[in-house]
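Fair warning: this is a prediction, and the values are worked out from it, not measured in the lab.
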Amino acid sequence: MKKARTAIPWYVHPAVAPQEWSWLAAQHGRVSFAILNVHNGPGHDDDEYYPAAVAALRPCIRLLGYVRVDYGNRPVADVARDIETWQRLYRLDGIMLDELPSHPSSLARCAQYAAAARAAGITFLAANPGRFPSQAHLNLFDVTAVFEGTAEAYADFRQPDWARSIPPSQLWHLVYGCGPGEIEAVRLAAGSHGAGYVFATDRTLPNPWLGTSTAVSARLSAERVSP
């Protein structure tokens with residue numbers, strides 16, 4: 001059993017926390033990939049902050065653009081437009097489809113989203129239903145987040161028996177609300193739960209993905225203001 005690698009939903013704004021973006025750039029070799037989210041998607045052509053921030057990260061970290069599919073309610077054409085905008089503005093390494101539906105009846109819709117991404121030239125495609133979908137769903141994507149929830153809920157997480165044959169490199173766990181000392185324990189547990197990728201944080205709702213953990217963030221902020 002291998003230790004799961006770190007993969008981060010990175011929804012913190014570069015103007016709000018430039019020190020955290022510098023921290024991420026220094027994680028080469030320690031972070032497998034990061035999901036960028038400008039404004040529930042790629043944002044607009046006249047963004048003042050992201051182009052330079054993304055350009056600084058690109059040589060260091062594999063970057064994926066965030067695209068929401070609203071549990072299958074967004075038209076495929078709108079999803080494809082977001083994907084194409086990400087690639088036109090930033091030329092990222094991949095895309096992550098968020099709010100993916102997981103019911104078996106949604107397979108055809110998910111296949112349409114995946115096909116649109118592949119047609120746009122995306123070779124690394126991630127998805128986040130936040131729970132285990134069917135194996136057919138998993139086969140559409142390179143990586144799928146099959147758990148998104150609190151550390152308390154994660155303590156009861158068990159991988160389905162049928163999923164034991166799925167390579168860990170296809171499975172990703174997202175765990176928030178970790179208590180003191182729990183972050184490293186969750187990271188270690190992810191591998192035993194079948195995941196090849198994990199991100200654990202003590203941040204909580206409404207947005208637990210605002211950068212790194214609060215302890216690291218506080219340290220970075222202190223370093224920034226030190227004389």
Side-chain angles (χ1 to χ4, degrees), residues 4-69 79-100 113-114 116-130 140-145 148 168-174 176 187 190 195-201 203 207-213 216-217 220:
R5 299 193 63 196
T6 300
I8 305 181
W10 193 253
Y11 303 168
V12 61
H13 197 283
V16 174
Q19 70 279 4
E20 299 215 14
W21 280 68
S22 296
W23 173 89
L24 183 59
Q27 301 308 301
H28 179 68
R30 292 185 287 272
V31 171
S32 180
F33 61 85
I35 312 299
L36 301 184
N37 184 355
V38 177
H39 184 63
N40 281 336
H44 305 289
D45 290 31
D46 58 352
D47 190 279
E48 185 178 353
Y49 299 100
Y50 268 87
V54 172
L57 276 186
R58 190 181 293 112
C60 312
I61 302 287
R62 173 184 269 182
L63 301 175
L64 280 62
Y66 175 101
V67 176
R68 63 187 289 271
V69 302
V79 170
R81 189 176 304 113
D82 275 0
I83 293 169
E84 291 164 1
T85 300
W86 272 115
Q87 294 308 89
R88 176 172 56 81
L89 294 179
Y90 300 108
R91 304 304 302 173
L92 300 185
D93 304 301
I95 289 292
M96 192 272 281
L97 302 179
D98 195 27
E99 299 179 358
L100 192 83
Y113 291 140
R118 302 298 188 188
I122 301 303
T123 57
F124 190 82
L125 183 60
N128 180 24
L140 295 171
F141 307 103
D142 298 289
V143 179
T144 302
E148 181 178 2
S169 60
Q170 290 184 238
L171 304 178
W172 181 24
H173 294 172
L174 298 169
Y176 57 85
R187 288 173 178 161
Y197 302 98
V198 64
F199 182 62
T201 181
R203 296 183 186 274
N207 190 348
W209 314 129
L210 291 175
T212 186
S213 68
V216 173
S217 182
L220 294 171

- prompt: So, the side chain of His28 versus the backbone of Cys60: is there a donor-acceptor pair under 3.5 Å, distance only?
  reply: yes
query: Do Phe33 and Tyr197 come close enough that some side-chain heavy atom pair is under 4.5 Å?
result: yes
message: Are there over 12 heavy-atom neighbours, none belonging to Phe124, within less than 6.0 Å of that residue's CZ?
response: yes
task: For the residue pair Pro129 and Thr144, establish whether any side-chain heavy-atom pair is separated by less than 4.5 Å.
output: yes
query: Going from CG on Asp142 to OG1 on Thr123, what distance comes out if it is rounded to the nearest 0.5 angstrom?
result: 7.5 Å
message: To the nearest 0.5 Å, what is the distance between CH2 on Trp86 and CD1 on Ile122?
response: 11.0 Å
query: Tell me, do Val54 and Leu92 make a side-chain contact under 4.5 Å, heavy atoms counted?
result: yes
message: For Arg62, give me all partners under salt bridge (charged side-chain N to carboxylate O under 4.0 Å, His left out), at least two apart in sequence or on another chain.
response: none
statement: Rounded to the nearest 0.5 angstrom, the OG1-CG distance for Thr85 and Asp45 is 7.5 Å
task: Enter the distance from Thr212:OG1 to Ile8:CD1 here, rounded to the nearest 0.5 Å.
output: 6.0 Å
message: Are the side chains of Trp172 and Leu174 in contact, using a 4.5 Å heavy-atom criterion?
response: yes
query: Tell me, which pairs form a side chain to side chain donor-acceptor pair (under 3.5 Å) where one or both residues lie in residues 89-99, sequence neighbours left out?
result: Tyr66-Asp98, Arg68-Glu99, Asp98-Asn128
field: Residues forming a salt bridge (charged side-chain N to carboxylate O under 4.0 Å, His left out) with Arg187, sequence neighbours excluded
entry: Glu184
- request: Not counting sequence neighbours, which residues clear ring-ring contact (aromatic ring centres under 6.0 Å, His included) with Tyr50? List them please.
  value: His13, Trp21
statement: Across all chains, not counting sequence neighbours, the salt bridge (charged side-chain N to carboxylate O under 4.0 Å, His left out) partners of Arg81 are Asp78
- prompt: With a 4.5 Å limit on heavy-atom distance, are the side chains of Glu20 and Ser217 in contact?
  reply: yes
message: Can you tell me how far apart OG (Ser169) and CZ (Arg5) are? Round to the nearest 0.5 Å.
response: 11.5 Å
- prompt: Quick one: which of Ile35, Ile61, Leu36, Leu63 gives a side chain to side chain contact (heavy atoms under 4.5 Å, CB included) with Trp10?
  reply: Leu36
task: Quick one: do Trp209 and Val12 satisfy side-chain contact (heavy atoms from CB on, under 4.5 Å)? Show the steps, please.
output: CA-CA 7 Å; Trp209 314 129; Val12 61; over 6 Å; no
message: Does any part of the side chain of Asn37, heavy atoms only, come nearer than 4.5 Å to the side chain of Pro9, both counted from C-beta?
response: no
message: Any side-chain to backbone donor/acceptor pair from Gln27 onto Trp23? Under 3.5 Å, distance only.
response: yes
query: Listed by chain and number, what are the ring-ring contact (aromatic ring centres under 6.0 Å, His included) partners of Phe141, not counting sequence neighbours?
result: none
message: Please report the interatomic distance CD(Gln87) to CG(Asp82), rounded to the nearest 0.5 Å.
response: 11.5 Å
